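Everything below concerns the one structure shown next.
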Amino acid sequence: MTVLEARPDTHTRLDELERLRARAHDGPEPQATERQHARGKLTARERIALLLDEGSFTEIESLRKHRATGFGLERKRPHGDGVVTGWGTVEGRTVFVYAHDFRIFGGALGEAHAEKIHKLMDLASAAGAPLVSLNDGAGARIQEGVSALAGYGGIFRRNVASSGVIPQISVMLGPCAGGAAYSPALTDFVFMVRDISQMFITGPDVVQAVTGERVSQNELGGADVHARLSGVASAAYDDEESCLQDVRHLLSLLPSNNHEAPPAVVGDDPVDRPCDGLLDLVPAEPNRAYDMRRVIEEIVDDGDYFEVHAAWAANLVCALARLDGRVVGVVANQPSAVAGVLNIEASEKGARFVQFCDAFSIPLVTLVDVPGFLPGVGQEHEGIIRHGAKLLYAYCNATVPRVQVIVRKAYGGAYIVMDSRSIGADLSLAWPTNEIAVMGAEGAANVVFRREIADAADPDAVRAERIREYETELMHPYYAAERGLVDEVIDPRDTRSVLIRALAMLRVKHADVPSRKHGNQPV
């Protein structure tokens, strides 16, 4: 008889498990970690440690290996397969996270790698908790062919299925090329770090081969390009630490899922605090510029807010803040940038933000100081009608509490689009400095009294007289209030307390929606 060797006992197996875990944690070789640090980048687990509360991370599938063969893959089967997956907490609330491990296959996605991400995304959806992806990968694993591409498809499908169900945040911490760029584009927020992160569909080499243009990776798809020009990035940072700290801040303002209210806190900023500074911040003259961010600071709790897309479409401010400890979304025209007009980019920016707030039950406060839509051949030819309709559609479709505050001027179609009563705002408030009209007095007088002015012996005098007449008759601050289009004209110093009381009243708002599969919004 053959004498069987004794089975390893539990202690031996535990020692073996610890060795395997250490190998998975340390990566394929010490030099790989050194190379990652030499690039100015942290490792996947170092990033997760910065994002999550200390000691809260629970990893899953750390020992997963791919089963692919060919091109030498069968001889290289590291644990984890280039992605770290699991969950932890941010300020005590559950958050799911996956992080590409660039030390293994350059973070490239293969079949097993994708299946790990699929499983984590399914868990996040089932648990009703936010999903954060820490992206540092080289795209599809070429050696695995179509299996890798199918893995991306599974990620995209889950991104869409979870849209409006759980918050999804993408943090770009390395190159992201080709189809890999589309998963971040499907998520709610995209964060990028200067010099180390890039996003593009076709890289510099392909661009040069096809078009002859020479461009670097950062010039083509770096953090500032996407934060300022394309609008792909919600924000850009100088280092990973400050980036991940802001991701934590954003998560503290978001609900875990669409069935929960945003997290409320007990603050020490009094509800009835007068906003005396507002009297001097906003000039009475409609054409003088000022910084709307300072208005927001005066109104919200402790002057603290989280602005998204601050560098893109700067003529519209979109921010998350708190009023009496409860999260609100603030949409505001910015007179210090392009006079606060609505253009294509501002309309898209606002529409996306309004849709997000509505999906996650975040009330909307709209601060209006808008001279109209930006005129010009370029805007018309590039589709300002279609793009402007996106913001209009988003507001009309929103069922969360909505309060409009007309700070100064509100002209033309832009007044309607900026959440007026006529498109469904629950309350419209106005400061005594408000001017609501089809257009500014000078432009209106030139149209209405064009013939009279042209025929006058002194056209300038007649024009000035008709401008005063138009202002007196149609642009005084109580004209809209007299017709019920403004619910109340308020003292600017009371803006904070009035908003808090209004939102408290609207907290139990219920809105019936049409029975339909979905609308056909402008795209």
Side-chain angles (χ1 to χ4, degrees), residues 282-290 315-316 333-347 350 366-393 395-396 404-423 425 428-487 489 522:
V282 181
E285 298 86 346
N287 296 326
R288 282 184 58 192
Y290 64 93
N315 42 317
L316 193 75
N333 304 111
Q334 175 57 293
S336 68
V338 204
V341 298
L342 289 179
N343 58 2
I344 289 173
E345 291 180 342
S347 298
T366 304
L367 304 178
V368 183
D369 190 346
V370 63
F373 280 93
L374 182 65
V377 174
Q379 287 285 300
E380 295 293 349
H381 288 185
E382 290 169 23
I384 183 65
I385 296 172
R386 175 168 51 87
H387 294 288
K390 295 177 183 179
L391 181 55
L392 178 60
Y393 190 101
Y395 268 125
C396 290
Q404 178 196 51
V405 181
I406 301 168
V407 173
R408 196 170 57 171
K409 60 186 178 294
Y411 296 159
Y415 152 67
I416 299 171
V417 170
M418 288 297 292
D419 205 19
S420 63
R421 280 299 306 273
S422 59
I423 66 167
S428 177
L429 309 171
W431 291 3
T433 48
N434 83 83
E435 291 182 355
I436 305 174
V438 175
M439 62 178 67
E442 184 173 352
N446 286 334
V447 172
V448 176
F449 305 108
R450 178 177 64 251
R451 182 169 297 177
E452 179 184 354
I453 292 171
D455 294 341
D458 187 349
D460 291 340
V462 173
R463 181 183 293 107
E465 168 108 15
R466 293 298 177 246
I467 289 173
R468 284 193 297 271
E469 179 183 345
Y470 190 86
E471 288 176 336
T472 302
E473 293 295 325
L474 296 178
M475 293 184 66
H476 63 79
Y478 310 108
Y479 183 84
E482 291 170 359
R483 286 153 181 77
L485 297 174
V486 165
D487 294 292
V489 179

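The analysis underlying the following values was restricted to heavy atoms, covering all of them including side chains, and did not include hydrogens, waters or symmetry mates. No experiment lies behind these values; they were computed from the predicted model shown.
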### Query
Taking all non-hydrogen atoms of both residues, which atom of V486 and which atom of A430 are closest, and how far apart?
CG1-CB, 3.8 Å
### Message
Measuring from atom OH of Y479 to atom CG of N434, what distance do you get when rounded to the nearest 0.5 angstrom?
### Response
13.0 Å
#### Entry: Side chains of Y395 and S420, donor plus acceptor under 3.5 Å
no
### Query
Can you tell me if R408 uses its side chain to pair, donor with acceptor, with the backbone of E285 under 3.5 Å?
yes
### Query
Would you call V341 and V370 a side-chain contact if the rule is heavy atoms closer than 4.5 Å?
no
### Task
State whether the side chain of S347 and the backbone N or O of I384 hold a donor-acceptor pair below 3.5 Å, judged by distance alone.
no
#### Entry: For the student: nearest non-hydrogen atoms of P371 and A339, plus distance
CD-O, 3.4 Å
### Query
Partners of Y290 by side-chain hydrogen bond (donor to acceptor under 3.5 Å, both in side chains), sequence neighbours excluded?
D369
### Message
I need the I385 CD1 to Q379 CD distance, nearest 0.5 Å.
### Response
11.5 Å
### Query
Between V405 and V368, does a side-chain contact (heavy atoms from CB on, under 4.5 Å) hold up when you go through it step by step?
CA-CA 6 Å; V405 181; V368 183; over 6 Å; no
### N315 side chain to N343 side chain, donor-acceptor N/O pair below 3.5 angstrom
yes
### Task
Find the distance between CD (E465) and CD (E452) and round it off to the nearest 0.5 Å.
8.5 Å
### Task
Starting at CD1 of I423, measure out to CE of M418 and round the result to the nearest 0.5 Å.
9.5 Å
### Query
Can you find a side-chain donor-acceptor pair between Y411 and E435 that sits under 3.5 Å?
yes
### Task
Determine whether more than 12 heavy atoms belonging to other residues, nucleotides or ligands lie under 6.0 Å from atom CZ of R451.
no
### Message
So, taking the atom named CZ in F373 and the one named CD1 in I344, what distance separates them when rounded to the nearest 0.5 Å?
### Response
10.5 Å
### Message
For a quick test of reading the model, state the closest non-hydrogen atom pair linking S422 to I416 and the distance between them.
### Response
OG-CG2, 3.9 Å
### Task
To the nearest 0.5 Å, tell me how far L316 CG sits from L342 CG.
6.5 Å
### Message
The criterion is salt bridge (charged side-chain N to carboxylate O under 4.0 Å, His left out); which residues satisfy it with R386, sequence neighbours excluded?
### Response
none
### Task
Could you check if a side-chain atom of Y415 sits within less than 4.5 angstrom of a side-chain atom of L485, using non-hydrogen atoms only?
yes
### Task
Would you name the heavy atoms of A289 and S336 that are closest together and state the gap between them?
CB-CA, 4.2 Å
### Query
side-chain contact (heavy atoms from CB on, under 4.5 Å) between R421 and S428: does it pass, once the steps are laid out?
CA-CA 6 Å; R421 280 299 306 273; S428 177; 3.4 Å; yes
### Message
List the residues meeting salt bridge (charged side-chain N to carboxylate O under 4.0 Å, His left out) with E482, not counting sequence neighbours, and say none if there are none.
### Response
none
